[in-house]
Every structure is written in C-alpha cells, then in structure tokens.
Amino acid sequence: MQQQLIALLSGILFGLGLGLSQMVDRERVIGFLDIAGNWDPTLIFVLGGAVGVTVLSFRWVLGRKQPVLANTFSVPNRKDIDRKLIAGAAIFGIGWGIAGYCPGPSLTALVLGSWNPVLFVGAFIAGSSVYQRFQQ
C-alpha cells in the first residue's frame with residue numbers, strides 16, 4: 001500500500017510539473033520540435049532542468065544498496081542498440097511530432113477536457129495492444 005501511495009504522489013507531482021512547464025500544450029511542444037520553422041526554444045529549459053535533476057539524483061539514488069520501498073532497483077541493464085529500439089524510437093518521435101504529445105503529457109492533459117489527448121491515449125493503447133499481439 002505504501003508503494004502505491006508513493007507512486008500516486010509521484011505521478012501527481014510529475015503531472016503538476018508537466019502542467020506548470022506547459023508540456024501538456026501540444027502547440028507549444030510542436031513549436032519546440034519545429035526547429036526548421038518557427039522554433040519556440042522555451043521548452044529547452046524544461047529539458048535542461050529534467051536532465052540536470054536526473055543526472056544529480058540518479059547518481060545519489062543508485063548509489064544506495066536498495067530502494068527505500070523495494071528490495072531491488074528496476075533499472076534496464078541492456079546497453080545494446082538494435083533495430084527494434086531504433087524503429088521504436090523513430091515511431092515515437094514521429095508520433096510526438098505529429099500529435100505534440102508523448103505518453104506522460106497526454107495522460108496529464110486528459111484533465112483539460114479536450115478531445116486531443118483522449119484520441120492520443122486511445123491510439124497509444126491501441127498501438128501498444130497491437131505490439132503485444134505481435135510479440136506473442
């Protein structure tokens with residue numbers, strides 16, 4: 001129960017950060033990704049802040065023997081780059097550029113009452129389901 005409560009609080013904090021940074025505004029995100037057009041560089045501060053916090057905190061957290069609320073860390077240990085990773089990254093980037101959402105901001109944007117994040121999340125779930133079927 002304690003893990004679920006911490007996960008919920010972490011998700012709320014993450015969602016608040018996405019909202020405050022305007023990562024849920026698809027027009028702003030598309031403007032950030034449009035480096036060949038009318039580029040809006042303001043989200044680079046969000047990116048820099050996220051990378052800075054991650055670099056500092058991951059070093060400290062992963063230096064511990066174990067997580068506070070679990071027995072082991074769940075960190076990917078594969079370091080190879082294969083075709084599936086490249087294809088998935090390309091599909092993710094294309095979808096992000098077209099829709100202006102990636103999964104976290106789209107889930108946060110559901111509370112805005114607009115149909116765009118609802119459609120994106122539906123497509124995200126459908127795409128994940130199709131992938132799972134092909135994996136079996």
Side-chain angles (χ1 to χ4, degrees):
M1 179 66 179
Q2 193 176 18
Q3 277 185 310
Q4 287 83 7
L5 182 61
I6 295 297
L8 176 64
L9 292 174
S10 298
I12 290 171
L13 183 62
F14 181 63
L16 286 172
L18 291 171
L20 285 173
S21 66
Q22 299 181 5
M23 287 289 293
V24 296
D25 180 352
R26 58 187 297 269
E27 297 299 326
R28 178 163 267 220
V29 172
I30 290 172
F32 175 70
L33 296 173
D34 186 14
I35 56 174
N38 191 17
W39 186 47
D40 176 5
T42 54
L43 290 182
I44 204 158
F45 294 105
V46 176
L47 179 64
V51 169
V53 168
T54 300
V55 166
L56 294 175
S57 63
F58 268 43
R59 180 171 286 247
W60 175 71
V61 168
L62 294 177
R64 300 173 54 94
K65 272 187 154 182
Q66 70 181 64
V68 175
L69 299 175
N71 294 327
T72 60
F73 288 104
S74 298
V75 179
N77 54 14
R78 284 186 57 183
K79 298 188 186 303
D80 59 318
I81 298 173
D82 60 7
R83 286 189 306 171
K84 288 171 60 176
L85 177 66
I86 293 171
I91 292 170
F92 178 88
I94 291 167
W96 194 25
I98 291 172
Y101 290 121
C102 61
S106 68
L107 291 173
T108 301
L110 288 174
V111 300
L112 300 177
S114 169
W115 278 103
N116 288 330
V118 173
L119 293 173
F120 180 87
V121 170
F124 174 69
I125 291 170
S128 296
S129 299
V130 169
Y131 175 77
Q132 291 296 325
R133 283 216 170 223
F134 281 113
Q135 286 298 99
Q136 293 175 355

request  = Answer yes if Val53 and Val55 sit in the same cluster of Ile, Leu, Val, Met, Phe, Trp and Tyr residues linked by side chain heavy atoms under 4.5 Å apart, and no otherwise.
outcome  = no
Cluster overlap Val61 with Val75, hydrophobic side-chain contacts below 4.5 Å = yes
remark   = The reported gap from CG in Leu13 to CD1 in Ile6 (rounded to nearest 0.5 angstrom) is 11.0 Å
query = Any link between Leu112 and Phe14 through a network of hydrophobic side chains (Ile, Leu, Val, Met, Phe, Trp, Tyr) touching at under 4.5 Å?
reply = yes
query = So which of Val46, Thr108, Leu47 actually passes side chain to side chain contact (heavy atoms under 4.5 Å, CB included) with Met23?
reply = Val46
inquiry  = Quick check on Ile44: does its CD1 atom have over 12 non-hydrogen neighbours (other residues, nucleotides or ligands) under 6.0 Å away?
reply    = no
request  = Keeping the roles fixed (side chain from Gln4, backbone from Leu8), state whether a donor-acceptor pair exists under 3.5 Å.
outcome  = no
ask   = Do Trp115 and Ile125 share a hydrophobic cluster (ILVMFWY, side-chain heavy atoms under 4.5 Å, transitive)?
value = yes
ask   = Just how far is it from atom CZ of Phe120 to atom SG of Cys102, taken to the nearest 0.5 Å?
value = 7.0 Å
request  = For atom CG of Leu5, decide whether the heavy atoms of other residues, nucleotides or ligands shown that lie under 6.0 angstrom number more than 12.
outcome  = yes
inquiry  = Using modelled atom types and a 3.5 Å cut-off, is there a donor and acceptor pairing between side-chain atoms of Gln66 and backbone atoms of Phe73?
reply    = no
task = Looking only at non-hydrogen atoms, find the nearest pair between Val121 and Leu107 and report the distance.
result = CG2-CD2, 3.9 Å
Within-4.5 Å side-chain heavy-atom neighbours: Asp25 and Val29 = no
request  = Would you give the length of the straight line joining atom OG1 of Thr42 to atom CZ of Phe32, rounded to the nearest 0.5 angstrom?
outcome  = 8.0 Å
ask   = Is Asp80 salt-bridged to Arg78, cutoff N-O under 4.0 Å?
value = yes
ask   = If two hydrophobic side chains count as joined below 4.5 Å and joins carry through other members, does Leu43 share a cluster with Ile35?
value = yes
ask   = Which value, rounded to the nearest 0.5 Å, describes the distance between Lys84 atom NZ and Gln135 atom CD?
value = 4.0 Å
query = Can you tell me how far the CG atom of Asn116 sits from the CD atom of Glu27, to the nearest 0.5 Å?
reply = 8.5 Å
task = Nearest 0.5 Å please: distance from the CD atom of Gln22 over to the CG atom of Asp40.
result = 9.0 Å
query = Is Arg26 reaching over with its side chain to a backbone N or O of Ala99, donor-acceptor style, under 3.5 angstrom?
reply = yes
message = Restricting to non-hydrogen atoms, name the atom on Pro117 and the atom on Ser106 that form the minimum distance, rounded to 0.1 Å.
response = CB-O, 3.6 Å
query = Within the side chain of Trp39, is there an N or O that forms a donor-acceptor pair under 3.5 Å with the backbone of Leu33?
reply = no
ask   = For Asn38, does the CG atom have more than 12 heavy-atom neighbours from other residues, nucleotides or ligands under 6.0 Å away?
value = no
ask   = Hey, what's the ring geometry for Phe92 with Trp96, parallel, tilted or perpendicular (30° and 60° as the breaks)?
value = tilted
